**Student:** 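Here it is, the structure in full.
Chain A is the first sequence line, chain B the second, and so forth, proteins listed ahead of strands; every chain is numbered from 1. Since the structure is predicted, the reported quantities are computational estimates derived from the model, not experimental observations.
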Number of protein chains: 2
Amino acid sequence: MYTIGQISEMFHLPISTLRYYDKEGLFPDMERVSGIRKFSEKEIEALRAIECLKKSGLEIKDIKQFMEWCGKGSETYSQRRDLFLKQKEIIESEIQRMNQALDMIKFKCWYYEQAMKDGNEDRLHSMKPEDMPEEIRQAYKNTHK
Amino acid sequence: MYTIGQISEMFHLPISTLRYYDKEGLFPDMERVSGIRKFSEKEIEALRAIECLKKSGLEIKDIKQFMEWCGKGSETYSQRRDLFLKQKEIIESEIQRMNQALDMIKFKCWYYEQAMKDGNEDRLHSMKPEDMPEEIRQAYKNTHK
DNA sequence: TATTGACCTGAAGTTAGGTTTAGATATTAT
DNA sequence: ATAATATCTAAACCTAACTTCAGGTCAATA
């Protein structure tokens, strides 16, 4: 049995965050002794899961839902799988968006590198995609389709 | 010269968003006729830039800064490049994080697919990484290093 | 002239995931 | 017994990028 301060050190999480998770229902039936929280192995397990699910981009309410399903056993496997399938779609499309953004930024970096060399943007303004270096042309193309 | 309603339709942006951008200083010296905003080519250009920079993940205040630098001409090329270089770092590390999250999620999807087939998690619990399919083992490994 | 519709403002509300604050209670050390 | 430290709660605050609201103005139509 651990106090909130001990858990805070163990997980490098602020005490306020642990209390917030508790308030959000992420530690159902956590024990209390004269009002003070007692974290057991069960809550430590929950915290490990929380850390993992947060990294997967799940929101607190989804994590809570997931934990509730876990408590219900094998009847909820398909709901849990569906949650992750949905999250997979979300993350995949975010990655796609980010890669487009990255191409746009790479183009901008190159653009200002050239502008700095030339001292002006004249050459850049009269430049067509086919005059650009292959890599930059690709990046430019990806952001304009 | 366009009204805020016309621009709202042109860019598929709510009127409230356009007023918000204006309040944040993204349309410096926009004309007004008896209090009513008049969007000219200059503001339309600005909006096109805003859309692009937002896709690059820049915050409003960065966009404002960028636009101010643009107004100052060639002396600010290096600041502008630095802004994008910094943003490049940010986006690249976000993409890395997302890819790790994706691997974690792929593992979870596979895990619950197996649990559904088996009707329980017994086989999964006694499974070692080397018993997993190559792709899943890779994903699992990536999220645990 | 009256009314409708588009526009204006400042202020407050929204969301998520916390953090901070104030004041109370509990535990531990001297 | 007292002082210091740790914990508790509810409520307010935080950020970013908007959105909504209440109340007022402006311009064109009936």
Side-chain angles (χ1 to χ4, degrees), chain A residues 1-27 29-40 43 46-47 49-67 83 86-87 90-91 94 97-98 101, chain B residues 1-27 29-40 43 46-47 49-67 83 86-87 90-91 94 97-98 101:
Chain A
M1 290 299 209
Y2 303 88
T3 65
I4 200 168
Q6 290 170 325
I7 298 291
S8 165
E9 288 205 354
M10 273 170 68
F11 283 85
H12 308 291
L13 285 173
I15 288 176
S16 61
T17 300
L18 295 169
R19 290 207 263 246
Y20 169 70
Y21 288 168
D22 187 22
K23 203 171 63 179
E24 292 301 303
L26 264 38
F27 308 122
D29 348 298
M30 178 162 49
E31 252 191 79
R32 288 197 183 223
V33 176
S34 65
I36 285 168
R37 291 175 184 85
K38 298 294 165 185
F39 289 73
S40 71
E43 280 73 41
L47 258 174
I50 291 165
E51 298 270 86
C52 171
L53 297 171
K54 276 181 67 71
K55 279 186 201 153
S56 308
L58 287 194
E59 295 175 9
I60 298 286
K61 66 173 173 43
D62 292 329
I63 294 175
K64 190 188 170 187
Q65 175 67 88
F66 175 77
M67 311 251 270
L83 173 67
K86 206 180 106 210
Q87 189 62 20
I90 292 170
I91 297 282
E94 266 175 55
R97 261 199 327 98
M98 300 282 260
Chain B
M1 291 298 208
Y2 304 88
T3 66
I4 200 167
Q6 289 170 324
I7 297 290
S8 166
E9 289 206 354
M10 273 170 68
F11 284 86
H12 308 292
L13 285 173
I15 289 176
S16 60
T17 301
L18 294 169
R19 289 206 265 248
Y20 168 70
Y21 288 168
D22 187 22
K23 203 169 60 178
E24 292 301 305
L26 264 38
F27 308 123
D29 349 298
M30 177 161 52
E31 252 191 79
R32 290 202 182 217
V33 176
S34 63
I36 286 168
R37 291 175 183 84
K38 297 295 165 183
F39 289 72
S40 71
E43 280 73 42
L47 259 172
I50 291 166
E51 299 270 86
C52 172
L53 297 171
K54 274 181 68 70
K55 278 185 201 155
S56 308
L58 288 193
E59 296 176 7
I60 298 286
K61 67 173 170 47
D62 292 329
I63 295 176
K64 191 189 170 187
Q65 175 68 87
F66 175 77
M67 311 252 270
L83 173 67
K86 205 181 104 208
Q87 189 62 20
I90 292 170
I91 297 282
E94 267 177 53
R97 260 200 327 98
M98 300 282 260

**Student:** Walk me through it: do Gln65(B) and Leu83(B) pass the test side-chain contact (heavy atoms from CB on, under 4.5 Å)?
**Tutor:** CA-CA 9 Å; Gln65(B) 175 68 87; Leu83(B) 173 67; 5.7 Å; no

**Student:** Test of understanding: with side chain to side chain contact (heavy atoms under 4.5 Å, CB included), list the residues that count as partners of Glu9(A), not counting sequence neighbours.
**Tutor:**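 Per chain and number, Glu9(A) pairs via side chain to side chain contact (heavy atoms under 4.5 Å, CB included) with no residue.
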
**Student:** Mind checking what makes ring-ring contact (aromatic ring centres under 6.0 Å, His included) contact with Phe66(B), not counting sequence neighbours?
**Tutor:**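 Checked Phe66(B) against ring-ring contact (aromatic ring centres under 6.0 Å, His included); matches are Phe84(B).
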
**Student:** With each end axis built from five pairs of C1' atoms, what bend angle do you get for the helix from dT1(C)-dA30(D) to dT30(C)-dA1(D)? Round to 10°.
**Tutor:**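 Helix axis angle between the two ends: 30°.
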
**Student:** Just to verify, what does Thr17(A) make a side-chain hydrogen bond (donor to acceptor under 3.5 Å, both in side chains) with, not counting sequence neighbours?
**Tutor:**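 Result, side-chain hydrogen bond (donor to acceptor under 3.5 Å, both in side chains) vs Thr17(A): none returned.
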
**Student:** Go through the structure and list residues passing ring-ring contact (aromatic ring centres under 6.0 Å, His included) with Phe27(A), not counting sequence neighbours.
**Tutor:**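 Once residues adjacent in sequence are excluded, the partners of Phe27(A) under the ring-ring contact (aromatic ring centres under 6.0 Å, His included) criterion are Phe39(A).
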
**Student:** Restricting to side chain to side chain contact (heavy atoms under 4.5 Å, CB included), what partner residues turn up for Ser40(B), sequence neighbours left out?
**Tutor:**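 Ser40(B) satisfies side chain to side chain contact (heavy atoms under 4.5 Å, CB included) with Met1(B), Lys42(B), Glu43(B) only.
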
**Student:** Just jot down the side-chain hydrogen bond (donor to acceptor under 3.5 Å, both in side chains) partners of Glu94(B), sequence neighbours excluded, or say none.
**Tutor:**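 Glu94(B): no side-chain hydrogen bond (donor to acceptor under 3.5 Å, both in side chains) contacts found.
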
**Student:** Heavy atoms under 4.0 Å, any strand shown: does Thr17(A) hit a base, just sugar-phosphate, or nothing?
**Tutor:**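 Here Thr17(A) touches the backbone only, sparing every base.
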
**Student:** Measure from CZ on Phe11(A) to P on dG18(C) and round the result to the nearest Å.
**Tutor:**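 My rounded result for the distance is 15 Å.
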
**Student:** Roughly, in whole Å, what's the span from OH in Tyr2(B) to C1' in dC7(C)?
**Tutor:**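 Going from Tyr2(B) (OH) to dC7(C) (C1'), I get 19 Å.
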
**Student:** Would you be so kind as to tabulate the donor-acceptor pairs closer than 3.5 Å made by side chains of residues 55-62 of chain B, with sequence neighbours excluded?
**Tutor:**
residue	atom	partner	partner atom	Å
Ser56(B)	OG	Cys52(B)	O	3.1
Glu59(B)	OE1	Lys61(B)	NZ	3.3

**Student:** Using a 4.5 Å cut-off on heavy atoms from C-beta on, say whether the side chain of Leu47(A) contacts that of Leu13(A).
**Tutor:**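 Leu13(A) vs Leu47(A): side chains touch.
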
**Student:** Using side chain to side chain contact (heavy atoms under 4.5 Å, CB included) as the criterion, list what pairs up with Ile36(B), not counting sequence neighbours.
**Tutor:**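 For Ile36(B), the residues satisfying side chain to side chain contact (heavy atoms under 4.5 Å, CB included) (neighbours in sequence not counted) are Lys38(B).
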
**Student:** What is the per-nucleotide protein-contact pattern of nucleotides 4-17 of chain D, from the 5' end, where B denotes a base atom under 4.0 Å from a protein heavy atom, S denotes such proximity for sugar-phosphate atoms only, and - denotes neither?
**Tutor:** ---SBB-------B

**Student:** Using the salt bridge (Lys or Arg N to Asp or Glu O under 4.0 Å) criterion, which residues pair with Glu24(A)? Sequence neighbours excluded.
**Tutor:**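 Listed in chain order: nothing, the list is empty.
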
**Student:** Nearest to the side chain of Ser34(B) - dA27(D), dT20(D), dC18(D)?
**Tutor:**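 Comparing dA27(D), dT20(D), dC18(D) against the side chain of Ser34(B), the answer is dA27(D).
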
**Student:** Atom pairs under 3.5 Å, N or O on each side, protein against nucleotides 21-23 of chain C: can you list them with distances?
**Tutor:**
none

**Student:** What is the distance, to the nearest angstrom, from the CG atom on Leu18(A) to the P atom on dG17(C)?
**Tutor:**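 In whole Å, dG17(C) P and Leu18(A) CG are 16 Å from each other.
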
